[in-house]
Protein chains: 2
Amino acid sequence: MTVSVKDVAQLAGVSVGTVSNVLNRPERVAPATLQRVNEAITKLGFVRNAAASQLRAGLSRSVGLVVLDSANPFFTDLARGAEDHAASMGISVLVGNSGEDPAREATYLDLFEEQRVRGVMLSPVGDITARLERLRGRGIAAVLVDRHTRNTAFSSVSVDDVVGGQLAAGHLASLGRKDIAFVGGPMHIRQVADRLEGARMALAEAGLPEPRVIEVPSMTLLSGREVGRELARAPESERPDAIFAANDMLGLGLMQGLLMGSGLRIPEDIALIGYDDIAFAESAMVPMSSIRQDAADLGSRAMELLLEEAASGDGYEHRQVVTEPTLVVRASTRPA
Amino acid sequence: MTVSVKDVAQLAGVSVGTVSNVLNRPERVAPATLQRVNEAITKLGFVRNAAASQLRAGLSRSVGLVVLDSANPFFTDLARGAEDHAASMGISVLVGNSGEDPAREATYLDLFEEQRVRGVMLSPVGDITARLERLRGRGIAAVLVDRHTRNTAFSSVSVDDVVGGQLAAGHLASLGRKDIAFVGGPMHIRQVADRLEGARMALAEAGLPEPRVIEVPSMTLLSGREVGRELARAPESERPDAIFAANDMLGLGLMQGLLMGSGLRIPEDIALIGYDDIAFAESAMVPMSSIRQDAADLGSRAMELLLEEAASGDGYEHRQVVTEPTLVVRASTRPA
DNA sequence: CGAACGAAGTGAATCGTTTCAATCCGGGTG
DNA sequence: CACCCGGATTGAAACGATTCACTTCGTTCG
């Protein structure tokens with residue numbers, strides 16, 4: 001029923017060892033033989049059995065990836081970057097979605113362990129240091145994503161949110177705006193706090209006063225719209241002349257609230273910049289400036305670290321890569 | 001280095017066959033033995049080697065899924081539905097993203113074939129009937145997604161766009177609107193044509209005239225905004241009193257164009273309904289009604305068909321499942 | 001001319017699990 | 001007391017590719 005190397009060998013009149021060589025190290029096979037074997041392969045429709053191959057080889061040609069939320073474009077881009085890099089090395093990626101649920105995360109790690117993947121890449125939900133140590137004991141490398149770890153026991157990649165905050169606030173300052181508001185929250189989220197800290201640093205450097213901070217319970221369109229409406233109603237003297245929204249959803253909501261039914265103009269009356277650079281930022285009523293985190297690049301670099309660690313032996317020196325986000329200027333902060 | 005069933009057997013003082021039974025049919029093992037083996041397993045940290053297991057079993061415990069665009073929420077939801085259903089059967093899903101590229105699609109199918117997956121589920125890019133026939137010859141089932149096939153050689157699941165069009169237009173008619181416009185395009189896209197056809201049917205049934213059709217080159221925010229602006233500028237007598245947008249992006253653009261700088265109100269002056277029910281529809285300036293395709297359900301049912309076909313033998317009778325979308329009413333079509 | 005060499009190819013052993021025919025054993029039956 | 005039954009367990013074969021020590025054979029070189 002199924003076609004194996006043995007059948008191919010028989011038809012081509014060579015040994016199974018030679019067929020294996022054709023499959024894995026064709027350069028060591030004489031051209032004539034190579035052709036004969038390849039013909040037999042296509043004629044029989046032979047397809048290598050990955051299970052048998054992996055069993056003997058001891059390791060698979062795949063790595064695992066667990067993301068927090070597969071509906072979030074950030075993670076789909078990240079996965080794409082990781083897959084592309086892996087594919088270029090002939091490695092395939094098994095993607096699992098934890099949905100922020102530690103149980104599902106654990107299930108996927110179990111699966112990956114059974115598969116004897118080369119390594120796992122994940123944005124952890126709970127504290128899984130112990131679990132990862134165990135994997136490492138099995139020779140499975142692990143790289144953390146998007147969570148800054150002071151823990152140097154693991155390699156990690158993340159984006160520097162302080163720099164992102166500096167870029168955003170610095171840009172507003174460079175437009176000559178003096179009264180800058182930061183909208184975001186809740187403050188205990190590290191990313192939000194870091195972005196605010198970056199903003200503070202940039203303003204201090206520009207000799208401007210502290211930003212006013214408008215804290216919101218969640219960073220959604222709705223929260224933003226509410227804050228936007230309030231600001232639009234406030235007398236001009238009390239309105240900031242620029243706003244830094246801690247993410248794009250919030251920023252888009254702010255834009256709606258500011259523009260709806262008021263005569264305000266963006267950026268003439270108020271400049272506005274968001275964070276994340278989601279697809280909708282570009283197609284907003286006024287195309288919105290933002291801070292872009294190159295998720296695909298992040299994924300690609302994480303995969304690079306992972307494969308590097310997997311390829312090297314025990315004494316691998318773990319690395320923490322922190323990438324810098326970039327400023328994307330659009331109409332919402334472009335001087336007329 | 002690695003722990004195998006043999007080690008477990010030794011520590012527990014049983015044979016390897018018994019360990020295998022503990023792993024796969026625990027009910028056939030005496031309770032005392034069961035416990036002893038399980039203790040040995042945890043003590044040694046044994047994890048089954050999937051490659052060896054699959055090799056012997058002949059088939060893997062996974063299925064493949066190739067989606068057209070992993071950035072599209074429709075497909076991430078679809079994948080989630082498929083994964084959930086598969087997980088409940090102890091099957092894992094390998095997800096590949098073709099990005100509408102036939103070459104990448106082929107690469108993933110190769111990979112799945114090597115993995116000896118139980119089946120593949122895919123929204124095909126090119127014509128891959130031949131390829132799928134070959135897979136079937138290998139005992140790998142295939143189910144098509146989201147492309148209506150008259151081809152009864154394969155099972156498929158899809159959403160009935162004609163019904164969706166009827167729902168949308170029928171809803172507008174039920175509000176008492178008389179002059180209804182359909183905005184969408186290009187018309188050669190089957191989904192668009194079907195939605196329009198459904199709309200025509202619903203209006204005819206309600207005794208209303210044909211919808212006016214405004215064709216757009218692409219269904220983007222921008223196209224919508226442009227059309228919306230034109231409509232807002234037109235004299236009231238020439239404006240439709242309701243619009244059916246062939247997808248939500250277009251609908252959101254229309255909303256922006258209609259509201260910006262005009263005194264128009266939605267739904268009082270113009271009712272508006274979209275299609276797809278993307279997340280942004282709910283948080284638009286005026287929450288927008290839409291037609292929801294339950295992608296997760298679609299994925300789940302496709303997986304059901306797939307596993308069913310994979311489990312049954314050759315003479316499987318293929319089924320074409322067409323699901324019906326549902327109407328989601330929000331403020332943009334809600335009578336004040 | 002014979003030894004040494006290297007390229008090409010061979011084939012048995014191996015990876016870890018599952019399967020299945022065979023064995024074991026305690027207890028019920030005639 | 002011999003026999004049988006069936007649940008529990010055993011252990012060797014099998015899955016298919018890869019590896020590696022070994023053979024073959026045509027060349028080259030002293």
Side-chain angles (χ1 to χ4, degrees), chain A residues 1-38 40-41 44-62 90 110-111 113-118 138-139, chain B residues 1-38 40-41 44-62 90 110-111 113-118 138-139:
Chain A
M1 188 85 251
T2 74
V3 181
S4 78
V5 278
K6 210 177 292 182
D7 304 311
V8 173
Q10 194 163 24
L11 179 59
V14 298
S15 73
V16 295
T18 300
V19 177
S20 178
N21 280 334
V22 168
L23 259 32
N24 303 300
R25 320 190 215 24
E27 72 283 1
R28 294 199 197 165
V29 179
T33 316
L34 189 68
Q35 195 190 337
R36 213 144 30 88
V37 173
N38 277 326
I41 286 177
L44 295 175
F46 167 81
V47 173
R48 183 218 260 97
N49 182 324
S53 167
Q54 289 172 26
L55 172 58
R56 182 61 236 245
L59 40 64
S60 69
R61 299 199 60 71
S62 51
D110 287 345
L111 176 67
E113 208 173 336
E114 285 199 358
Q115 299 279 351
R116 302 291 192 271
V117 296
R118 291 262 237 274
R138 279 216 155 56
Chain B
M1 190 83 255
T2 73
V3 181
S4 77
V5 279
K6 212 178 290 182
D7 304 309
V8 174
Q10 194 163 24
L11 178 61
V14 297
S15 73
V16 295
T18 300
V19 177
S20 178
N21 280 333
V22 169
L23 260 30
N24 302 301
R25 317 193 216 25
E27 72 283 1
R28 293 197 197 168
V29 178
T33 315
L34 190 68
Q35 194 191 338
R36 214 146 26 89
V37 172
N38 277 325
I41 286 177
L44 295 176
F46 166 82
V47 173
R48 182 217 262 96
N49 182 324
S53 167
Q54 288 173 25
L55 171 59
R56 182 61 237 236
L59 41 65
S60 70
R61 297 199 61 72
S62 51
D110 286 345
L111 176 68
E113 207 173 337
E114 285 199 358
Q115 300 278 352
R116 302 292 193 270
V117 295
R118 289 261 236 277
R138 278 213 156 59

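Residue numbering restarts at 1 for every chain, and letters A, B, ... go by the order of the sequence lines.
The outermost nucleotides of DNA chain C lying under 4.0 Å from heavy atoms of chain A, listed 5' to 3', are C/dA8 to C/dG16.
A donor-acceptor contact shorter than 3.5 Å is absent between the side chain of B/R116 and the backbone of B/L59. One N or O on the side chain of B/N24 and one on the backbone of B/S20 form a donor-acceptor pair closer than 3.5 Å. Of the possible donor and acceptor atoms, none in the side chain of B/R28 sits under 3.5 Å from a partner among the backbone N and O of B/N21.
Atom C1' of nucleotide D/dT19 and atom CZ of A/R25 are separated by 7 Å, given to the nearest angstrom. Here D/dT19 presents its C1' atom at 14 Å from CG of A/L23, a figure rounded to the nearest Å. Between the CD atom of B/Q54 and the C1' atom of D/dA14 there is a distance of 17 Å, given to the nearest Å. Straight-line distance from the CG atom of A/D7 to the P atom of D/dG16: 9 Å, rounded to whole Å. Put simply, CD on B/Q10 is 13 Å from P on D/dT10, counting in whole angstrom units. Here the P atom of nucleotide D/dT19 and the CG atom of A/L59 are 10 Å apart, to the nearest Å. Across the protein-nucleic acid pair, A/I41 atom CD1 and D/dA17 atom P stand 10 Å apart, rounded to whole Å. The distance from atom CZ of B/R28 to atom P of D/dG6 is 15 Å, rounded to the nearest whole Å.
Phosphate proximity of D/dT18 to A/N24: present, with a side-chain N or O under 4.0 Å from OP1 or OP2. Applying the 4.0 Å criterion to OP1 and OP2 of D/dT10, one finds that B/T18 has a side-chain N or O inside that range. Taking only side-chain nitrogens and oxygens, A/S53 never comes nearer than 4.0 Å to OP1 or OP2 of D/dA17. Not one side-chain nitrogen or oxygen of B/S15 sits closer than 4.0 Å to the OP1 or OP2 atom of D/dT9.
Ranked by how close their nearest DNA chain D nucleotide is to the 5' end, A/N49 and B/G17 are led by B/G17. Heavy-atom nearest nucleotides on DNA chain D were determined for B/T33 and for B/A52, and the one closer to the 5' end corresponds to B/T33.
Residue-level contact check: B/A57 touches neither bases nor backbone, having no heavy atom under 4.0 Å from any strand. Counting any heavy atom pair closer than 4.0 Å across all strands shown, B/V14 reaches sugar-phosphate atoms only and no base atom. At a threshold of 4.0 angstrom between heavy atoms, the contacts of B/V19 with the nucleic acid are absent.
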Test side chain to side chain contact (heavy atoms under 4.5 Å, CB included) on B/N49 and A/E114; report intermediate values, then the result. CA-CA 5 Å; B/N49 182 324; A/E114 285 199 358; over 6 Å; no
Yes or no on side chain to side chain contact (heavy atoms under 4.5 Å, CB included) for B/L23 and B/F46, after CA distance, side-chain angles and deciding distance? CA-CA 11 Å; B/L23 260 30; B/F46 166 82; 3.8 Å; yes
Any chance you could lay out the side chain to side chain contact (heavy atoms under 4.5 Å, CB included) test for B/V22 and B/N38, step after step, and finish with the verdict? CA-CA 8 Å; B/V22 169; B/N38 277 325; 3.7 Å; yes
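When every heavy atom of A/V29 is checked against every heavy atom of A/L34, the shortest pair comes out as CG1-N, 3.7 Å.
The base of D/dA14 is paired with the side chain of B/R56 by a donor and an acceptor separated by under 3.5 Å.
Within the 4.5 Å cutoff, no side-chain heavy atoms of A/Q54 are placed close to those of B/Q54.
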